[in-house]
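Following: one structure in structure tokens, then a few remarks.
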Amino acid sequence: MKTRRDGAHLALYCFANSQVSTALKLLYRARYLAVLVCGENHPEVALLDSNISLILHAVGEYELSLRFLEKALALNIKYYGAKSLKVAVTYHLVARTQSCMGNFRSALTNEKEAYAIYKQQLGENHEKTKESSECLKHLTQQAVVLQKKMNEIYTGKNGASLPPIQIQPPSMGSVLDMLNVINGILFVQISQEDIENFKAEIEKRQLTEENEVEEEKPEEKTKEIKAEAAEK
């Protein structure tokens with residue numbers, strides 16, 4: 001499994017450096033090895049499927065991305081439980097992919113599942129719960145607009161046509177952030193002010209240590225003189 005993990009981590013580095021094709025090849029290879037060793041129904045395969053789906057999503061391969069996500073969702077529910085945070089994240093990813101395909105009704109259903117888990121596990125005021133709530137509002141608006149236009153078409157209203165689907169293509173940065181989340185990679189954000197305060201604290205400690213050394217020197221000198229006098 002170490003080879004699988006190494007390949008997956010290398011894939012993340014490749015993706016971060018815009019080597020998307022290489023990243024996918026590494027992940028497909030890692031998945032192949034994981035299936036050989038563990039079989040299809042293993043949590044490691046679910047993680048790899050989530051990684052693959054995110055990169056496919058980034059390059060606009062939504063249908064294929066959704067297939068990998070649906071497999072990952074089923075495995076995550078099996079191994080971590082229907083109300084785990086891993087499952088909530090996967091529901092959100094499924095919803096996001098479905099919305100990009102214009103399937104807002106299914107996207108709403110899956111995002112509601114994610115929201116319910118976040119609310120139960122983290123509370124209403126948690127950042128993740130609020131993000132999911134905002135996503136639900138956006139999906140609801142899109143679904144209402146689409147349904148209204150479809151009704152106009154069915155009733156034969158002149159000039160009625162389907163509106164363009166408002167898709168926000170994911171940036172490489174946002175996809176990389178989500179890849180880090182599902183792989184448990186965390187970055188501590190340190191502001192410039194924090195850095196300056198840290199430097200000042202280090203300098204203060206160094207100065208204190210130097211002063212303590214200088215104060216000890218006369219005492220040591222006095223002890224040496226007394227020791228020499230005693231010997232004489």
Side-chain angles (χ1 to χ4, degrees), residues 1-80 84-104 106-107 109-111 113-114 128 131-132 135 138-139 142 164-187 189:
M1 296 305 290
K2 186 177 185 299
T3 302
R4 193 284 304 164
R5 294 190 184 95
D6 290 343
H9 289 156
L10 181 57
L12 296 182
Y13 285 118
C14 289
F15 182 79
N17 286 281
S18 301
Q19 298 179 32
V20 179
S21 178
T22 303
L24 276 173
K25 288 178 181 177
L26 287 166
L27 285 171
Y28 284 137
R29 176 65 178 172
R31 188 184 192 280
Y32 169 74
L33 293 174
V35 170
L36 280 181
V37 175
C38 306
E40 286 274 356
N41 298 318
H42 193 277
E44 290 287 343
V45 176
L47 179 58
L48 285 165
D49 284 347
S50 296
N51 278 280
I52 292 170
S53 70
L54 274 168
I55 295 179
L56 289 171
H57 184 98
V59 295
E61 294 288 342
Y62 301 127
E63 290 187 15
L64 187 55
S65 172
L66 184 60
R67 285 167 55 189
F68 278 100
L69 272 177
E70 288 172 342
K71 291 180 181 178
L73 178 60
L75 288 175
N76 283 336
I77 291 173
K78 178 179 179 180
Y79 287 104
Y80 301 107
S84 77
L85 292 176
K86 281 183 179 290
V87 170
V89 171
T90 313
Y91 271 126
H92 171 70
L93 294 178
V94 170
R96 189 172 70 168
T97 304
Q98 288 172 330
S99 70
C100 288
M101 298 168 66
N103 190 353
F104 296 112
S106 295
T109 299
N110 285 293
E111 191 61 42
E113 293 286 349
K128 286 294 182 183
E131 286 178 3
S132 183
C135 186
H138 173 74
L139 290 173
Q142 292 297 301
I165 300 171
Q166 295 183 16
I167 297 174
Q168 296 180 349
S171 66
M172 289 297 181
S174 67
V175 174
L176 186 59
D177 287 342
M178 187 55 71
L179 284 168
N180 289 332
V181 168
I182 66 173
N183 287 284
I185 300 173
L186 302 176
F187 293 95
Q189 300 295 328

Evaluate the side-chain proximity of [Y] to [X]: yes if any heavy-atom separation is below 4.5 Å, no if none is.
X      : Y      : answer
Val89  : Leu85  : no
Ser84  : Tyr79  : no
Leu24  : Leu56  : yes
Asp49  : Val45  : yes
Leu93  : Leu54  : yes
Cys100 : His57  : yes
Arg67  : Lys71  : no
Val181 : Asp177 : no

To the nearest 0.5 Å, what is the distance between [atom1] ([X]) and [atom2] ([Y])?
X      : Y      : atom1 : atom2 : value
Leu48  : Phe68  : CG    : CZ    : 10.0 Å
Leu66  : Asn110 : CG    : CG    : 8.5 Å
Leu75  : Lys86  : CG    : NZ    : 12.0 Å
Ser50  : Met178 : OG    : CE    : 10.5 Å
Tyr62  : Met101 : OH    : CE    : 10.0 Å
Leu176 : Leu12  : CG    : CG    : 7.5 Å

List the atom of His92, the atom of Ala114, and the distance in Å for their closest heavy-atom pair.
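Where His92 meets Ala114 most closely, the heavy atoms are N-CB, 4.0 Å.
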Specify the closest pair of heavy atoms between Ala46 and Ala72, including all atoms of both residues, with the distance to one decimal.
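Looking at all heavy atoms of both residues, the closest pair is O-CB, 3.5 Å.
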OH of Tyr28: more than 12 outside heavy atoms within 6.0 angstrom?
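Enclosed: over 12 neighbouring heavy atoms sit under 6.0 Å from OH of Tyr28.
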Are there over 12 heavy-atom neighbours, none belonging to Tyr13, within less than 6.0 Å of that residue's OH?
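Open.
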Pairing donors with acceptors under 3.5 angstrom, does anything connect the side chains of Ser132 and Glu111?
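There is such a pair between these side chains.
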Just jot down the side-chain contact (heavy atoms from CB on, under 4.5 Å) partners of Ala23, sequence neighbours excluded, or say none.
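Checked Ala23 against side-chain contact (heavy atoms from CB on, under 4.5 Å); matches are Ala11, Cys14, Phe15, Ile55.
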Mark yes or no for whether Ser106, through its side chain, and Asn103, through its backbone, hold a donor-acceptor pair below 3.5 Å.
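Not confirmed, Ser106 side chain does not pair with Asn103 backbone.
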Looking at Ser65 and Glu61, would you say the former's side chain and the latter's main chain have a donor-acceptor pair under 3.5 Å?
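Not at all, since once roles are kept as given, no pair shorter than 3.5 Å links the two residues.
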Which residues satisfy the side-chain hydrogen bond (donor to acceptor under 3.5 Å, both in side chains) test with Glu40, sequence neighbours excluded?
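side-chain hydrogen bond (donor to acceptor under 3.5 Å, both in side chains) list for Glu40, sorted by chain: Arg31.
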Kindly indicate, with the supporting measurements, whether the criterion side chain to side chain contact (heavy atoms under 4.5 Å, CB included) is fulfilled by Val175 and Leu179.
CA-CA 6 Å; Val175 174; Leu179 284 168; 4.1 Å; yes
I'd like to know whether Ser99 forms a side chain to side chain contact (heavy atoms under 4.5 Å, CB included) with Gln142, so could you lay out the CA-CA distance, the side-chain angles of the two residues, the decisive distance to 0.1 Å, and finally the verdict.
CA-CA 9 Å; Ser99 70; Gln142 292 297 301; over 6 Å; no
